[in-house]
Every structure is written in C-alpha cells, then in structure tokens.
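Have a look at the structure below, then the notes.
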Amino acid sequence: MTTPNPPVVPLPAEIESGGAPFVLDGSTAVGPDPDAESVRVAEQLAAHVRAATGLPVPVRPGDTGAAITVGRADGSGLGAEGYTVVSDAAGVAVRADAPAGLFYGTQTVRQLFDPHERAVAAARVRDVPRFAWRGAMLDVARHFFGAADIERFIDLVSFYKINVVHLHLSDDQGWRLEVFRRPELTRVGASTQVGGGAGGYLSQEAYREIVAYAAQRFVTIVPEIDMPGHTQAAIAAYPELSATRAEATPYTGTDVGFSSLRAGSAATTAFVEDVVAELAALTPGDYLHIGGDEALSTTEDDYAAFMRAALPVVAGHGKRVVGWQEIARADLGPEALVQYWDHRVPQHAARAASAGAGLVVSPATNVYLDMKYHPDFPLGQDWAGCVELRDAYDWDPATVVDGVDETSVVGVEAPLWTETIVTMPDVETMLLPRMPAVAEVGWTPAARRGWDDFRGRIRAHGRTWQAMGATFHRSPQVDWDT
Ligand code: TNX
C-alpha cells in the first residue's frame, strides 16, 4: 500500500507527502523576493488565503523570515514553468527560476491548503510540465460571454496550470470583437446569437483588459477569427464578402458549413488585412488562430487560394498562425500550428506533422467539453459521442493521431463550443470536472498518470468549486467529498 497522493491536479512530476502540516495563524505572513513579479504572485496567493480564512496574511517583500516564502531559485534547471514547493510544520517555500513557475507553485500550494484546518499539507514537490501548450477554448460567438465571464473562465482554468486561453471570436452567429476599420462587423454582426438573443461583443478596451488579466495568471490569449467558412456574421455586415448568393442576414441557428468568404476578391483581401492588422496589434501573444474548419461551401481551389493569401498577412503582422486541422490542406511553414479535432479525418493532422508543423491535439472524443456527459445530459451535443470524466482523462496525446508522435505535439487543448451553452453555470458544468482532467493530460508525465489515482485526487476539488461558487457535474465516476 502506498499513501494516496495529496489532491494536487495536475499531479506534479515529483511529489512526496507526509508529516505534520503547516498551520496558519494570525501571525502568518508571505515573504516574496522584492521584485515586482514575485510580489504580485505572493499577493495573489495571500488574497486567496485571506478570502478562505479571514486571516490577515500580510505580504512583506524581502522578508526571508516569513513562514511562507516565494522566490527565485536561479539555475536550478526548472525552466520557464517549473517550480519546487517544500511545506512542513515550519512553513512553506515556493521556488522557481521564472515568474510563471512561481505562479504554478502557488497554485499547488492552494491545492495543498485545507481552509477548514487552515493548514497546508506537508509535501516536497519538484514539478515541470510535459507540454508547452495547455489550452482551453471558449466559443463566445454562438452565445456571447463578456469580459467578466471570460475572466472567471481564466480563473478556473489557471488554477489547473492551463497557459493558453483560445477565444473563438467569430462564427456564423456572431462577430464578437470591435474592429475600428470595420464598424458594421459589430453593429450588424454582433446583434444576435444562437436562438436569437441579444448577442454582444468585446470592445477593444475590454479585449485588452482580458489580455492583461490573463497575463497576470500566465495565460496567453490566442484569438480566433474563423475563415473562410463560419463567416455569416461578417457577411451579414459586409455582403460583398460572400462567395455564395446566400442571404446577407444575421443567422441564429446551429447549422455549419453554409457560409464562405469569396477567395481572391479585392473585398476579401482588404477585409482580411483590416481584421488581422487590428487583431495583431491588440494581441501580445505570438499566435493568431484563423480557423479554417468546415469550409464546406468553399471549393478546394478557393480554399487553397484563400489560405495562400491569408497566411502571409498573419506572418506580415509578426504572428504565427494556428488553424483547425483542415488548414493542413494549405502549404504551411514549420512555424504554423495545426489543431487536430476530428477523428474522422486524421490525415490532415498527419500531413501537417510531416510538413513540420506543430500539433495542438483536441480529439473531440476526449476533450470536446461541449459533448454530453451521458445521453440524457441536458446540455451539449453528442456527434463525437458522450464524454464522461474518464474519457477526458484516459488518453495520451502522443498516440492519438496515427503516424504522429510526441515530437510533433506541442500540447493539448479542450474546446467549449457554446451552441447549447448559455449561462456561466452551464459553462462551469461542462468544464468541471473535465477541464482539470485535460490539464493533467497536458502537464503530468505519462508514466505518472493513472485513472484511480486521479479519481482519488479530484474528489476533494468539488468542495473547492463549491467554495468558489462554481457549478460542476457530479460525475458518478467519482466519490465526491461533498
Ligand atoms: C465542430 S470543431 C466545429 C464547431 C462546432 C462543434 C460542435 C470545429 C473546428 N468546428 O463549429 O461548434 O463541432 O461540437
């Protein structure tokens, strides 16, 4: 019999536990290194502990004698995201070579912390992630979610060391980002959503605020403008963009594949330039996602022509391109990333990998957070089958696409499409507990992972979600603590 691991998700690369915990009291302080990043991470940790306990938990920059210390461990080989945590009866020490690692170390401390006992479990952790890209996607196009909702989404996923939040900002049912050079995109294209509700959009100011909020949690925002299909909202705003003679009116249904930008036209070329220019200027991250999926109303030749024109626009604005797997039909450079999603056509991803592009793997059968948990589940779709917690956990990114091995995989991402998802409790119900499972797939070494161990650790998180006011699916595969 081994002692069960403490409830840290994702499971660290190395963790030993046991011994007397550190118990906080009214005199407990946090002493970060005096640099601004260490202080900010320490402030975030202290704020969580204060909220959970009511203790004062002051932050004292440079106080190496504080019971909880947060600081640099230069040259320890932990890389940009690795960290160590040592907690025992005397206190807690978080160390990392870089600020992201400090942030991840403090997420681990939060998960070792029992607010009722006011105690941090004793542990020795040395941790680095398996993959560089650990993503979650929110579709704010089918149903609109604004800055406060997106920030809550970022809070929930960054607790699990997710470092990419991909925002699906445009689709047939809505255009969700202000573009100064194209005011009709939001005036007309943001006016509704699935089911005919009011819709909405992010102002550039709100988008910048989200980017900054994400950055403080070491999350990079990857914005997606889906092209050349999934474009009815843009076409309703600027009908000259259409490749078909479809009606140029806003769309509130849930069909896919009926809209297409007209490849090669002056109107489309100018549109792509305007949108990409503003999006690139707003986005500090390296990547812009240009969709490319389900362009079922775009001929093969037009798709190739569209991508031949669009790819250099992204590069010309200093960004690397990401596209859904169908984009592998275009000629991509090694700087591109391709997002695998549909098991029915794996050849696209294999082609991209053989051309040297990196793969982000999002197998719908395991990580599509819009799939129902079970056939009678009130929310979600089922075209890729039902996805219960174990389905989200028990798979490996290195073996998911035939002919593609680990060296081509930059990471994993779990998308949440929102055709059936309307409110934040809906979002949370689809996210929890599956998102933490996917986070572990992306972070923890394959040899360390096991379903029974995960099941044992995730059960304590239900109480944490309740304390956060978050709704979750009480998966019957887990003996929840609460
Ligand atoms: C497929 S995944 C789509 C989305 C839908 C989703 C619903 C992908 C690239 N395209 O447009 O929202 O299925 O599960």
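Read the numbers this way: they start at 1 and go in the same order the structure lists the ligands and their atoms.
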*Could an N or O of ligand 1 be found under 3.5 Å from any N or O of Asp293, whether backbone or side chain?*
yes

_I'd like to check which ligand 1 atoms, numbered from 1 as shown, lie under 4.0 Å from a non-hydrogen atom of Gln381._
7 (C), 14 (O)

*Is Arg434 close enough and on-axis enough to Tyr373, meaning under 6.0 Å and within 45°, for cation-pi?*
yes

*asked:* Can you confirm, on distance only, whether ligand 1 has an N/O atom lying under 3.5 Å from any N/O atom belonging to Glu294?
replied: yes

*asked:* Taking only non-hydrogen atoms of Gln339, do any sit less than 4.0 angstrom from ligand 1?
replied: no

_Within the supplied structure, the quantity of interest is the number of heavy atoms (other residues, nucleotides, ligands) at a distance under 6.0 Å from Glu240 CD; does it exceed 12?_
yes

*Which of the numbered atoms in ligand 1 are below 4.0 angstrom from a heavy atom of Trp324?*
9 (C)

*Please tell me if the side chains of Tyr368 and Val387 come closer than 4.5 Å, counting only heavy atoms from C-beta onward.*
no

*Which atoms of ligand 1 have any heavy atom of Met371 under 4.0 Å away?*
14 (O)

*asked:* On the six-membered ring of Tyr303, is Arg262 placed so that its NZ or CZ lies under 6.0 angstrom from the centre and within 45° of the ring axis?
replied: no

*Could you find the nearest protein heavy atom to atom 12 (O) of ligand 1 and give me its residue, atom name and distance?*
Glu419 OE2, 2.6 Å

*Trp383, any N or O under 3.5 Å of ligand 1 N or O*: yes

*Has ligand 1 got any nitrogen or oxygen that is less than 3.5 angstrom from a nitrogen or oxygen of Tyr368?*
no

*Do other residues, nucleotides or ligands put more than 12 heavy atoms under 6.0 Å from Asp402 CG?*
no

*If you draw the axis of the six-membered ring of Tyr393, does the NZ or CZ of Arg449 fall within 45° of it and under 6.0 Å from the ring centre?*
yes

*Work out whether the distance between some heavy atom of Arg142 and some atom of ligand 1 is less than 4.0 Å.*
yes

*Answer yes or no on whether Arg217 is positioned over the face of Tyr213, meaning its NZ or CZ is under 6.0 Å from the six-membered ring centre and within 45° of the axis.*
yes

*Please indicate whether Asp331 has more than 12 foreign heavy atoms, meaning atoms of other residues, nucleotides or ligands, lying under 6.0 Å from its CG.*
no

*Does an N or O from Asp139, backbone or side chain, lie closer than 3.5 Å to an N or O of ligand 1?*
no

*Is there at least one pair of N or O atoms, one from Asp370 and one from ligand 1, spaced under 3.5 Å apart?*
yes

*asked:* What I'd like to find out is whether the side chain of Gln44 reaches to under 4.5 Å of the side chain of Phe103, using heavy atoms alone.
replied: yes

_ligand 1 contact by Gln325, heavy-atom criterion under 4.0 angstrom_ = no

